[in-house]
Q: 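Quick one: the structure is below, questions incoming.
Order of listing sets the numbers, starting from 1, for every ligand and every atom in it. What you see below is based on every heavy atom in this structure, not just the backbone, and it leaves out hydrogens, waters and symmetry mates.
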Amino acid sequence: MNMTPDLHSLDTLFAARRSCRAFRLDPVPRAVIEDILRCAQKVPSWCNAQPWKVTLCSGAETERLRAALMQAAQGGGHSPDLEFPAGYSAEYQQRRRDCGWALYEAVGVEKGDRAGSARQMMENYRLFGAPHCAILSSPAELGPYGAMDCGGFVAAFTLAAQAAGIASIPQAAVASFAPLLHELLDIPEDRVILCAISFGYSDTEHPANSFRTSRADLGEFTIWRG
Ligand SMILES: Cc1cc2nc3c(=O)[nH]c(=O)nc-3n(C[C@H](O)[C@H](O)[C@H](O)COP(=O)(O)O)c2cc1C
C-alpha cells in the first residue's frame, strides 16, 4: 500500500468504526455531540442544500422515545416514511444473512429460536441501551436525492463519532415507526424520517459487540474501464 499519512489515518478510523449494539448508560457531553455534528455537516450535498435535520434526544427524552418505541413494537404496525427495500437477492441477500447470523451467533440465538430473534430485534427499539438517539429527516420535496445527501451525513456522523471515542449505530428499524416519531418529537409531516442513529459509549464487553462484518473485494464492486 502506498497511502499518504492522511489517507492512512482515515483508513484506520474507517476500519475502527463498527455498529455498536450495546451501550453504557453514561451520557456524552453536549460539547462532544456538537463537535461531531459540526464535523458531519461538512459532507457534500446537491446544491449545498444540506437537507438533513437532526432531532437529538438525550436524557429523559431518550427514555420517553425508548419507552414509546418498545410499546409500539409489541403491536407491530410498521409504517416507514421511506419505503423499505422490496427485497434482497443474490450477493445482497448473502451479505444480509451473513451479518444477521454473525449477530445471532454472538448473542447466542440459534437457528429457529424465534423468541431469541424477537428479543434481539426488540433491542433495536430499546435503542440498544444508548443514552442518545438522533432522528434524521429530509424535506419530502427533495425526494431520493435528499435521502442520498443524508446518507452521506449518516456515514460522516458515525465516523466523526468514532474519532471522538463515541460508538454509534444507524437504525432503519426505528424509522419504521415514522408516525409515532412525527408525533412524539414534533417532526413536521413535510419531512421524511430516514433513520435513527443511536450513540454513546460502547459496552465493549457485551457479546453483541464481539463480531465484525466483512467487506467485498475491490473487484466485486468496481468496474474498471480504460
Ligand atoms: C441506513 C442504515 C440503517 C441500518 N439499520 C439498522 C437497524 O435497524 N438495526 C441494526 O441492528 N443495524 C442497522 N444498521 C447497521 C448495519 O447492519 C451495519 O452498518 C452493517 O451490518 C455493517 O456493519 P458495521 O456498521 O459494523 O460495519 C443500519 C445501517 C445503515 C447504514
Q: Near Arg212 CZ, under 6.0 Å, is it more than 12 heavy atoms from other residues, nucleotides or ligands?
A: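 Yes, the 6.0 Å shell around CZ holds more than 12 heavy atoms from other groups.
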Q: Any side-chain hydrogen bond (donor to acceptor under 3.5 Å, both in side chains) involving residues 217-226? Give me the pairs, sequence neighbours left out, ordered by first then second residue.
A: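 Counting only pairs at least two positions apart or across chains, the side-chain hydrogen bond (donor to acceptor under 3.5 Å, both in side chains) contacts touching residues 217-226 are Arg95-Glu220.
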Q: My understanding is that only residues two or more places apart in sequence, or in another chain, count here; which of them pass salt bridge (Lys or Arg N to Asp or Glu O under 4.0 Å) with Arg66?
A: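 Checked Arg66 against salt bridge (Lys or Arg N to Asp or Glu O under 4.0 Å); matches are Glu63.
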Q: Anything with a heavy atom under 4.0 Å from ligand 1 counts, so go ahead and list those protein residues by chain and number.
A: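 Shell around ligand 1 (4.0 Å, heavy atoms): Arg17, Arg18, Ser19, Arg21, Cys99, Asn124, Phe128, Ile169, Pro170, Gln171, Ala172, Ala173, Thr213, Arg215.
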Q: Answer yes or no: does atom OH of Tyr145 have more than 12 heavy-atom neighbours from other residues, nucleotides or ligands under 6.0 Å?
A: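 Counting neighbours around OH of Tyr145, 12 or fewer heavy atoms of other residues, nucleotides or ligands fall under 6.0 Å, so no.
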Q: Name all pairs fulfilling the salt bridge (charged side-chain N to carboxylate O under 4.0 Å, His left out) condition that reach into residues 34-43, sequence neighbours left out, sorted by first residue then second.
A: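 Qualifying pairs: Arg30-Glu34, Glu34-Arg38.
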Q: Decide if the gap between the ring center of Phe199 and the ring center of Phe157 is smaller than 6.0 angstrom.
A: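 Yes: the rings meet the under 6.0 Å criterion.
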